[in-house]
Amino acid sequence: MRLTGVAPGAVEAVVLRRMRDALPGPVIHRLVGPGQLRQQGELTLTGSNREALDRGTLAMDLFIAGAGRPVATVRLGLRPGA
């Protein structure tokens with residue numbers, strides 16, 4: 001994953017979370033920590049986390065310094081037949 005358009009010092013975190021009724025749910029993994037703009041690796045989703053991906057209720061949120069809530073959210077899901 002690579003972030004663009006944001007200064008490294010502004011990044012607090014990018015997290016993966018399950019959504020609940022279109023509202024933010026529990027954070028299941030921190031993908032990027034403070035000051036990071038890129039990260040690579042693998043994450044295996046099982047149980048309710050995999051079900052959230054299948055249902056399209058998994059999201060990535062970007063948090064920056066000074067903002068008490070995500071400044072960007074991307075919903076994740078699988079393409080049909082994947």
Side-chain angles (χ1 to χ4, degrees):
M1 181 182 90
R2 186 178 79 190
L3 292 173
T4 59
V6 62
V11 175
E12 290 292 324
V14 174
V15 299
L16 193 61
R17 72 167 74 212
R18 292 193 311 266
M19 305 296 287
R20 290 187 182 157
D21 299 324
L23 298 172
V27 171
I28 63 169
H29 191 76
R30 185 173 77 178
L31 301 169
V32 171
Q36 293 181 299
L37 292 179
R38 62 180 69 203
Q39 186 65 272
Q40 79 180 49
E42 292 183 23
L43 176 65
T44 302
L45 299 173
T46 59
S48 59
N49 296 330
R50 175 55 195 237
E51 291 169 10
L53 180 64
D54 292 341
R55 288 190 312 268
T57 58
L58 200 62
M60 277 193 312
D61 287 337
L62 168 62
F63 290 86
I64 63 170
R69 58 189 175 109
V71 295
T73 298
V74 177
R75 298 282 295 255
L76 305 174
L78 298 175
R79 287 187 230 141

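Source: prediction; values computed, not measured.
L37 and F63 fall into different hydrophobic clusters, where Ile, Leu, Val, Met, Phe, Trp and Tyr residues are linked whenever their side-chain heavy atoms come under 4.5 Å apart, directly or through other members. In the hydrophobic clustering of ILVMFWY residues, with side-chain heavy atoms under 4.5 Å counting as a link, V27 and L53 come out apart. Under the 4.5 Å side-chain contact rule for hydrophobic residues, V32 and V71 share a cluster.
Side chains of R18 and L58 form a contact here, defined as non-hydrogen atoms less than 4.5 Å apart. Using a 4.5 Å cut-off on side-chain heavy atoms (C-beta onward), V11 and Q36 make no contact. Residues L78 and R50 are in side-chain contact: their nearest non-hydrogen atoms beyond the backbone lie under 4.5 Å apart.
Note: M19 CE to R55 CZ = 12.0 Å, rounded to the nearest 0.5 Å. A distance of 10.0 Å separates CG of L31 from CG of D61, quoted to the nearest 0.5 Å. Atom CZ of R38 sits about 11.0 Å away from atom CE of M1, to the nearest 0.5 Å. Separating the OG1 atom in T57 from the CG atom in L23 is a distance of 12.0 Å, to the nearest 0.5 Å. The CG atom of L45 lies 6.5 Å from the CG atom of L16; values are rounded to the nearest 0.5 Å.
No more than 12 heavy-atom neighbours from other residues, nucleotides or ligands sit within 6.0 angstrom of CZ on R20.
Heavy-atom minimum distance, G25 versus R17: O-NH1, 3.0 Å.
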In sequence, state the C-alpha distance, the side-chain angles, and the governing distance for I64 and E12, and then conclude on side-chain contact (heavy atoms from CB on, under 4.5 Å).
CA-CA 5 Å; I64 63 170; E12 290 292 324; 5.5 Å; no
Kindly determine whether H29 and V15 satisfy side-chain contact (heavy atoms from CB on, under 4.5 Å), including the steps that lead there.
CA-CA 6 Å; H29 191 76; V15 299; over 6 Å; no
